[in-house]
Amino acid sequence: MRRWMRFSAPVLVMIGGLGLAACDKGSTEQSAPVASATATPVASATPPPAASAMPAEDPIADELRDYHRHHHHGGVASFISMAADTLGLDPAKKAQVEQIQTDLRAKMAPARDAEHDVLATIADGVAAGKVDNAKVDAQIAKVAAASATIHTASTDALTKLHDALSPVERNALSDKVLAHWEVWQKVNTEEKPASHEKGTHLARLTDVLALTPDQVSAIEKSLGTEPAPTPQTDPKPVDAYVQAFATAFRQDKFDPKTLNPQAMASAGHIARHGDARMARFFEAVAPVLTPDQRTKLATHLRERLNDSVASSK
Amino acid sequence: MNRTISTFVRVAMLASGLGVFATVSLVGAPAAQAQYTPPPPPPQGGQWAPPPPEYIATTEPVYYEGHAAYWYNNHWYWRDAGGNWGHYDQEPAFLADRRMHSPPERHEFARDHRR
């Protein structure tokens, strides 16, 4: 009995220690003010920690990445409109914001129609086995020119949107605009065009079209390395514009005209860079495909004309 | 009989031991509350990692205590004014009720929103 007590004493101390730790944690959580002490900072917002990488099995995230690979016409205005889609507003405010989104999309319509021409030309080229580069380049220039006018044309809509939202909703919208910009960069500047790692454009196409290893190698070789950014495609001015918008939109007073310098400095960059990258990708892919694969990919590309926000219907 | 007594003594000692330590813990708790509580280390598996941008861009938040809160990986996350992410260790009743009865929607910008 005495011997048992001698051995059990350290065990009791250990159990008690565990109890001490558990009770301390539990009491902190339960009795501290909810907004501060139970909300524990876990990471810096920018850049996101590596551990926050989206699980590969998230089809909605895959779709969003694919969306941002194919639609660039509206630039930051598209991000704003898409952000408004997911604010989780009450029905009355949602109807009000949808009306503003309709105005915003009307301002983007010329750029959207021009981008439809780009997608249609690429789809036709894929079906034929060769994309008409010169025609696509000319069409991309038109998208960029139309896209460059959107900010100036949208100031009223942006002001109305700001005034319609509460401070917390404005913060949420700003966060979402930054999120869209982050995703756009991920798939249009950070992802190497020739990469076929999981989640990349080429990997996705490999799944959709059942590309053979030889076809993948040929596409990789054709894509090579991405051209260095030019003053017209450099994403840094866009980043400055997006960050300035997100900061300004959170304030009680918001005047979109104060963002004109950033908007002008980045005008058309997203459309020019994104559409050119997309065109280069399909120009490399088209000659490598079998007739059946061409037909399937052309159909897939024409379906992108009906994507939400990008649709003209 | 001796075995019965021995078992009783063991149970009594365990109970009293836990009771003493639990009492010490509870007594010590108020003092701990007044102090800064540093962020806990990320647990294994990274389940406290904040939502990635794809999730923020596609998911409706729930507005609570001046924040847009996102339900992600079994925690509610929110971003403070400085851009840092926070999470609730214990799910507030309001958010739990909302999650149970009217869960936030996710939007598919391509596939299901074609029109």
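Because only heavy atoms are used, hydrogens play no part in the values below, and waters and symmetry mates are left out as well, while side chains stay in.
The two residues A:Ala61 and B:Glu54 make their nearest non-hydrogen contact at CB-CB, 3.6 Å. A:Ile60 and B:His107 get closest at one heavy-atom pair: CG2-O, 3.4 Å.
We find the CG-CZ distance between A:Leu178 and B:Arg79 to be 6.5 Å, quoted to the nearest 0.5 Å. Once rounded to the nearest 0.5 Å, the distance linking CG of A:Leu89 with CD of B:Glu60 reads 8.0 Å.
With B:Pro53 as the fixed residue, the side-chain contact (heavy atoms from CB on, under 4.5 Å) test singles out one of A:Lys186, A:Gln185, A:His180: A:Lys186.
Along residues 166-173 of chain A, the residues that come nearer than 4.5 angstrom to chain B, judged on non-hydrogen atoms, are A:Val168, A:Glu169, A:Ala172 in order of number.
With a threshold of 4.5 angstrom between heavy atoms, B:Pro61 approaches chain A through its backbone and through its side chain. Residue B:Thr59 touches chain A through its backbone alone, counting heavy-atom pairs closer than 4.5 Å. For chain B, the nearby part of A:Leu64 is the side chain; its heavy atoms alone come within less than 4.5 Å.
In this structure, the side chains of A:Glu182 and B:Pro52 stay at 4.5 Å or more apart for every pair of heavy atoms. Side-chain contact between A:Asp66 and B:Phe109 is absent, with no heavy atoms from C-beta onward closer than 4.5 Å.
Surrounding CD of A:Glu190 are more than 12 heavy atoms belonging to other residues, nucleotides or ligands, all under 6.0 Å away.
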